[in-house]
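Only one structure is covered here, and it is reproduced in the block below.
First the proteins, then the strands, lettered A, B, ... as listed; each starts at 1.
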Amino acid sequence: MPELPEVETIAAALRAAIVGREIAAARCFLPKLLRATEPRDLDDLAGTRILAVRRRGKVLIIEAPPRALLFHLKMTGRFDWENAGLPLAKHTHFVLSFAGSDGELRFRDVRKFGFLRCLPCGAVEACDEIRRLGPEPLDIGPEEFAARLAARKGRLKSVLLDQRVLAGVGNIYADEALHAARLHPLTAAGRLRPDEWGRLRASLRRILAAAIAAGGSSVRDYRSIGGEIGGFQTRHKVYGREGKKCLRCGERIRRIVVGGRATFYCPSCQRKKR
DNA sequence: GCCACTGTTAGCAT
DNA sequence: CATGCTAACAGTGG
């Protein structure tokens, strides 16, 4: 599932593959995938050159001035760099081909929850998908981190998953960060002490950075470009480890549901605050 | 075969 | 407003 480290990994791979190339054509086979974008808007991309590929939260941004392409992979979206002569894999919904290149970029999404949007480069920061995102967890300072999260009423797990509070944290890294910081997922966000906010921020940063360095976590569907799997799934301490021993204290990892999401934690290391 | 489960976000309900 | 629940969809595993 692409969260921040996975989207960052994909952005890096994409950067190497397409920056500097001139777009020959952009074709979409599933109009439902297009958000605030008319199929004919894609015609404007032909003849433009890829200037940059970047990430904001879990959103991937491809800049080809004067237009930009935004992608959200949701759970099962993925990219492949394929020879243009090969048949399209099942569930391929979008293709970007390039001038003077046998390779093309293909987007597929089994569950069709993902979306893409084509808009002017200058409108990216102000568009709905980007504007309502909170700060990047790797950029935010300690004071703002504590202030933003403490202002929330809900449970720590739900607060970490709220993209308006922090951008890019998903189910896996929320659980891993809470375990590293020894905080119970159901703890009310308003009840943490300053040192606990410090622990949580430090844990989250360390885990996200390590996951990026490892190329993300391939738990189920996530692959980087060309099917490459990540390496961080072998270092998960709680996610997906229900019933197994906590690697810190030996207690059995528990699975509960928080806000409709599977949540893994160690009942011994992560005590609930009243 | 059937059903529960998977994870993200929009949209609706509370 | 804030917080919580669920539909959107398709495939996998029990």
Side-chain angles (χ1 to χ4, degrees), chain A residues 1-10 28-37 55-61 70-79 88-94 107-117 127-134 136-137 147-178 185-191 207-208 211 216-223 227 229-230 232-233 236 238-243 253-265:
Chain A
M1 338 289 133
E3 304 181 27
L4 188 157
E6 289 75 29
V7 180
E8 186 70 40
T9 300
I10 290 169
C28 182
F29 314 118
L30 184 69
K32 152 187 180 352
L33 195 69
L34 299 174
R35 177 181 292 189
T37 301
R55 174 197 64 76
R56 176 77 174 90
K58 300 172 190 171
V59 179
L60 185 84
I61 304 166
L70 260 54
F71 284 89
H72 198 302
L73 278 51
K74 291 288 181 92
M75 288 154 296
T76 54
R78 56 180 283 186
F79 287 101
L88 296 180
K90 205 172 174 184
H91 309 300
T92 299
H93 308 309
F94 178 83
F107 176 74
R108 51 185 162 128
D109 184 355
V110 169
R111 291 174 72 178
K112 303 175 183 169
F113 291 173
F115 65 81
L116 82 91
R117 177 168 183 178
C127 75
D128 284 346
E129 290 82 359
I130 302 297
R131 182 176 45 82
R132 58 181 170 216
L133 294 177
E136 289 289 322
R148 275 190 87 83
L149 275 70
R152 290 292 167 145
K153 284 284 181 202
R155 304 159 289 200
L156 278 183
K157 170 74 184 258
S158 301
V159 170
L160 283 173
L161 291 181
D162 190 334
Q163 303 298 299
R164 295 167 304 182
V165 178
L166 282 182
V169 182
N171 211 29
I172 295 172
Y173 300 105
D175 282 3
E176 293 298 320
L178 287 171
L186 292 178
T187 302
R191 305 193 69 85
I207 286 165
L208 290 175
S217 302
S218 289
V219 170
R220 196 174 229 104
D221 298 289
Y222 165 70
R223 296 290 184 278
I229 67 168
F232 199 68
Q233 61 282 358
H236 292 169
V238 284
Y239 185 83
R241 298 192 66 244
E242 180 184 19
I253 300 299
R254 265 184 214 164
R255 179 191 188 275
I256 57 175
V257 175
V258 182
R261 317 291 300 280
T263 298
F264 302 89
Y265 74 103

Practice problem: Measure the shortest side-chain to side-chain distance between A:F29 and A:L88 over non-hydrogen atoms and say whether it is less than 4.5 angstrom. | Solution: yes
Exercise. Using the C1' atom as the reference point in each nucleotide, state the distance between B:dT9 and C:dT12 in Å, no decimals.
Key: 23 Å
Self-check item: Which nucleotide in C:dC5, C:dT3, C:dC9 has an atom nearest any side-chain atom of A:K32
Solution: C:dC9
Quiz prompt | Watson-Crick or G-U wobble mate for B:dT14, both contacts under 3.5 Å | solution = C:dA2
Quiz item: Any ion pair linking A:D109 and A:K74 (charged N to carboxylate O, less than 4.0 Å)?
Solution: no
Quiz item: A:K112 has a side chain; which of C:dC9, B:dT9, C:dT3 sits nearest to it?
Solution: C:dC9
Quiz prompt | Contact under 4.0 Å: A:H91 side-chain N or O vs C:dC9 OP1/OP2 | solution = no
Quiz item: Testing A:L116, A:L34, A:L30 for side-chain contact (heavy atoms from CB on, under 4.5 Å) with A:H93, which one passes?
Solution: A:L30
Exercise. Could you tell me the separation between the CG atom of A:L116 and the C1' atom of B:dT9, rounded to a whole number of Å?
Key: 16 Å
Quiz item: Nearest to the side chain of A:K153 - B:dT8, C:dA2, C:dA10?
Solution: C:dA2
Practice problem: For A:Q163 and B:dA10, give me the distance from atom CD to atom C1', rounded to whole Å. | Solution: 13 Å
Quiz prompt | Spacing of A:R164 atom CZ relative to C:dT3 atom C1', expressed in whole Å | solution = 9 Å
Self-check item: Whole angstrom value for the distance that separates C1' of B:dA10 from NZ of A:K74
Solution: 7 Å
Quiz item: The side chain of A:K90 lies closest to which of these nucleotides: C:dG4, C:dG11, B:dT8?
Solution: C:dG11
Exercise. Identify which nucleotide among B:dT8, C:dC9, C:dG11 has an atom closest to any side-chain atom of A:R111, counting heavy atoms from C-beta outward.
Key: C:dC9
Practice problem: Could you state the atom-to-atom distance from CG of A:L73 to C1' of B:dT9 in whole Å? | Solution: 14 Å
Exercise. When you get a sec, tell me which of C:dT3, C:dA10, B:dT8 is the closest nucleotide to the side chain of A:R152?
Key: C:dT3
Quiz item: Taking the side chain of A:F113 as its heavy atoms from C-beta onward, which of B:dT8, C:dG11, B:dA10 lies nearest to it?
Solution: B:dT8
Quiz item: Does A:I172 offer a backbone N or O that forms a donor-acceptor pair with the side chain of A:E3 under 3.5 Å?
Solution: yes
Exercise. Taking only the side-chain nitrogens and oxygens of A:H72, find out if one of them lies under 4.0 Å from OP1 or OP2 of B:dT8.
Key: no
Quiz prompt | Rounded distance (Å) that lies between atom P of B:dT8 and atom CZ of A:R78 | solution = 17 Å
Exercise. In whole angstrom, give the distance that lies between atom CG of A:L161 and atom P of C:dG4.
Key: 12 Å
Exercise. Check every strand shown and say whether A:G170 touches a base, only sugar-phosphate, or nothing at a heavy-atom separation below 4.0 Å.
Key: sugar-phosphate
Exercise. Could you tell me whether a side-chain N or O of A:S158 sits under 3.5 Å from a main-chain N or O of A:G259, the two making a donor and an acceptor?
Key: no
Practice problem: Return yes if some donor-acceptor pair links the side-chain N/O of A:Q163 with the main-chain N/O of A:G57 below 3.5 Å, else return no. | Solution: no
Quiz prompt | Integer angstrom distance from the C1' of C:dT6 to that of B:dA4 | solution = 15 Å
Self-check item: A:K157 NZ to C:dT3 P, straight-line distance once rounded to whole Å
Solution: 17 Å
Exercise. Go through C:dA10, B:dT8, C:dG4 for me and flag the one nearest to the A:S158 side chain.
Key: C:dG4
